[in-house]
Engineer: 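Quick one: the structure is below, and I'll ask about it shortly.
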Amino acid sequence: MTLKFDGQVAIVTGAGNGLGRAYAHALAERGARVVVNDLGSTARGEGADGSAATAVVEEIVTAGGEAAANTASVSTPEGAASVVATALDAFGRIDVVVNNAGILRDKAFHKMALEDWDSVLDVHLRGSFFVTQAAFPHLRDQGYGRIVMTTSPAGLYGNFGQSNYGAAKMGIVGLARTLAHEGARANIRTNVIAPAALTRLIQGIADPSKLPPLPAELVAPVVVFLSHERCELNGQILSAGGGRVGAVVIEEARGYYAPDLSAEEVEANLGAIFDRTHTMLPAGLADTAFWLKDMVAGR
Ligand SMILES: NC(=O)c1ccc[n+]([C@@H]2O[C@H](COP(=O)([O-])OP(=O)(O)OC[C@H]3O[C@@H](n4cnc5c(N)ncnc54)[C@H](O)[C@@H]3O)[C@@H](O)[C@H]2O)c1
């Protein structure tokens, strides 16, 4: 059965270029009315150009879809509120929020200027917070919503020169996993995409000749699924690029236990601590004591 979005409204931030543009097109092709938000900045987050958002709206309308432009920055509460206001004014509701807007300011950590730290955190982490918080009451009131947040392999696994970006992208994972809990009763599901696509953002970082083809259009199907009513995943992270999609999990090994644990025992038992024969995937804070309870009980 085709995944359709007839009657639904989706917000996609940073949809004037790259991945967001592909998501906006894919959602519109499947019947969603789409708010195309984009400040139109450079990849470093400098300047503003409203034509980034309006051009994508024109493309969608030309293709027979419905879309409205918003050219505000997501990194202020006022800008984020205006994104939600555009959805309500133009289409009267919100069903899907895709937090995608992003910039890069790479610098080795010892040279990281506060401005580069702040501007990256502002767009990615605060932007995801502001837009989602402005939309959340509407999703709660209607008892339905799908939220997609954007992390990155650079944040999940670490990458030289990206301490600001990595901190923002892991902050987003924490935000999403908390929202998965807070939204559950209102049928609001929040999941995270870790995309890979050859966009302007990673030009100069990745060498395309050493990579398989990575069009943004091959990440869009994953975001479409995560945005759909039939997606019951919640608090999950999917890594996607070039047509591949795989789960990224945070697991906890059974580990080692001693009632009088010493530092020397930690050193001597790294094998057991890192042994992944028995692992579990904590679904929330309540699962923290899962292994310890067993081990204290001698099981
Ligand atoms: N391209 C990749 O391989 C890759 C990998 C991991 C994560 N990501 C993430 O995917 C997202 C999209 O990246 P992309 O590669 O498509 O980049 P892109 O530069 O092509 O598009 C990002 C868009 O966000 C917009 N934007 C920037 N700051 C904004 C703000 N304050 N308010 C509103 N819009 C703003 C830009 O104008 C731009 O159009 C980002 O969050 C990025 O970190 C991308």
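Atoms considered below: every heavy atom in the structure, side chains included; atoms not considered: hydrogens, waters and symmetry mates. Start at 1 and go down the list; that is how both ligands and their atoms are numbered.
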Engineer: What pairs with Arg244 under side-chain contact (heavy atoms from CB on, under 4.5 Å), at least two apart in sequence or on another chain?
Structural biologist: Ser239
Engineer: Polar-atom distance check: Leu39 versus ligand 1, any N or O pair below 3.5 Å?
Structural biologist: yes
Engineer: Quick one: which of Asn37, Thr13, Val12 has a heavy atom closest to atom 33 (C) of ligand 1?
Structural biologist: Asn37
Engineer: Is it the case that the side chain of Thr2 and the backbone of Lys4 share a donor-acceptor pair, with hydrogens and angles ignored and the cut-off at 3.5 Å?
Structural biologist: no
Engineer: Tell me which protein heavy atom sits closest to atom 2 (C) of ligand 1, plus the residue, atom name and distance to 0.1 Å.
Structural biologist: Ala197 O, 3.4 Å
Engineer: Scan Val97, Leu179, Leu139 and name whichever one has a side-chain contact (heavy atoms from CB on, under 4.5 Å) with Ile188.
Structural biologist: Leu139
Engineer: Counting from 1, what ligand 1 atoms have a heavy atom of Ile202 closer than 4.0 Å?
Structural biologist: 1 (N), 2 (C), 3 (O)
Engineer: Any idea which atoms of ligand 1 are less than 4.0 Å away from a heavy-atom of Ala196?
Structural biologist: 3 (O)
Engineer: Hey, is His124 one of the residues with a heavy atom under 4.0 angstrom from ligand 1?
Structural biologist: yes
Engineer: Just heavy atoms, cut-off under 4.0 Å: does Lys169 contact ligand 1 by side chain, backbone, both, or neither?
Structural biologist: side chain
Engineer: Answer with yes or no whether Gly127 contacts ligand 1, where contact means a heavy atom under 4.0 Å from a ligand atom.
Structural biologist: no
Engineer: With no hydrogens and no angle check, is any side-chain donor or acceptor of Asn269 less than 3.5 Å from a backbone partner on Glu265?
Structural biologist: yes
Engineer: Asn234 and Thr190: side-chain donor and acceptor closer than 3.5 Å?
Structural biologist: no
Engineer: Would you say Arg105's side chain and Arg44's backbone share a donor-acceptor pair under 3.5 angstrom?
Structural biologist: yes
Engineer: Please report whether ligand 1 has a polar contact with Asn100, defined as an N or O pair separated by less than 3.5 Å (distance criterion only).
Structural biologist: yes
Engineer: Under 4.0 Å, counting heavy atoms only: does Ser41 come that close to any atom of ligand 1?
Structural biologist: yes
Engineer: With a cutoff of 4.0 Å, is Gly45 in contact with ligand 1, counting heavy atoms of the residue only?
Structural biologist: no
Engineer: Tyr165 heavy atoms, cut-off 4.0 Å: which ligand 1 atoms fall inside?
Structural biologist: 6 (C), 7 (C), 8 (N), 9 (C), 42 (C), 43 (O)
Engineer: side-chain hydrogen bond (donor to acceptor under 3.5 Å, both in side chains) between Ser82 and Asn70: does it pass, once the steps are laid out?
Structural biologist: CA-CA 8 Å; Ser82 87; Asn70 176 284; 3.1 Å; yes
Engineer: For Ala101, is there any backbone N or O sitting under 3.5 Å from a side-chain donor or acceptor partner on Thr13?
Structural biologist: yes
Engineer: Could you list the atoms of ligand 1 found under 4.0 angstrom from a heavy atom of Gly40?
Structural biologist: 37 (O)
Engineer: Hey, is Asn17 touching ligand 1 through its side chain, its backbone, both or neither, going by heavy atoms under 4.0 Å?
Structural biologist: both
Engineer: Consider ligand 1: state whether an atom of it lies below 4.0 angstrom from any non-hydrogen atom of Thr151.
Structural biologist: yes
Engineer: Counting N and O atoms only, with roles assigned by atom type, does the side chain of Asp116 sit under 3.5 Å from a partner on the main chain of Met112, one being a donor and the other an acceptor?
Structural biologist: no
Engineer: Between Asp38 and Ala52 (side chain of the first, backbone of the second, donor and acceptor by atom type, cut-off under 3.5 Å), is there such a pair?
Structural biologist: no
Engineer: With a 4.0 Å cut-off on heavy atoms, does Ala72 reach ligand 1?
Structural biologist: yes
Engineer: Please list the nearest protein heavy atom to atom 39 (O) of ligand 1 with its residue and the distance rounded to 0.1 Å.
Structural biologist: Asp38 OD2, 2.6 Å
Engineer: Below 4.0 Å, non-hydrogen atoms only: which portion of Leu214 touches ligand 1? Side chain, backbone, both or neither.
Structural biologist: neither
Engineer: With no hydrogens and no angle check, is any side-chain donor or acceptor of His124 less than 3.5 Å from a backbone partner on Thr150?
Structural biologist: no
Engineer: Taking only heavy atoms of Ile103 into account, list the atoms of ligand 1 that are under 4.0 Å away from them.
Structural biologist: 27 (C), 28 (N)
Engineer: Under 4.0 Å from a heavy atom of Leu201: give me the atoms of ligand 1 that qualify, with their elements.
Structural biologist: 13 (O), 15 (O), 17 (O), 19 (O), 42 (C), 43 (O)
Engineer: Could you see which bit of Ala43 sits under 4.0 Å from ligand 1, with heavy atoms only: side chain, backbone, both or neither?
Structural biologist: neither
Engineer: Please indicate whether any nitrogen or oxygen in Thr199 is less than 3.5 Å from any nitrogen or oxygen in ligand 1.
Structural biologist: yes
Engineer: Taking only heavy atoms of Arg200, which atoms of ligand 1 are found under 4.0 Å from at least one of them?
Structural biologist: 18 (P), 19 (O), 20 (O), 36 (C), 37 (O), 38 (C), 39 (O)
Engineer: With only distance considered, is Gly20 within less than 3.5 Å of ligand 1 through an N or O on each side?
Structural biologist: no
Engineer: What atoms of ligand 1 come within less than 4.0 Å of a heavy atom belonging to Gly18?
Structural biologist: 16 (O), 20 (O)
Engineer: Which residue and atom name correspond to the protein heavy atom nearest atom 9 (C) of ligand 1, and how close is it?
Structural biologist: Thr150 CG2, 3.5 Å
Engineer: Test your reading of the model: is there a side-chain donor-acceptor pair from Asp95 to the backbone of Ala10, 3.5 Å cut-off?
Structural biologist: no
Engineer: Do Gln162 and Asp106 have side-chain N/O donor and acceptor atoms under 3.5 Å apart?
Structural biologist: yes
Engineer: Would you say Asn37's side chain and Val12's backbone share a donor-acceptor pair under 3.5 angstrom?
Structural biologist: no
Engineer: Using atom types as modelled and distance alone, determine if a side-chain donor or acceptor of Trp291 lies under 3.5 Å from a backbone N or O of Glu252.
Structural biologist: yes
Engineer: How far is atom 35 (C) of ligand 1 from its nearest protein heavy atom, and which residue and atom name does that atom have?
Structural biologist: Ala101 CB, 3.6 Å
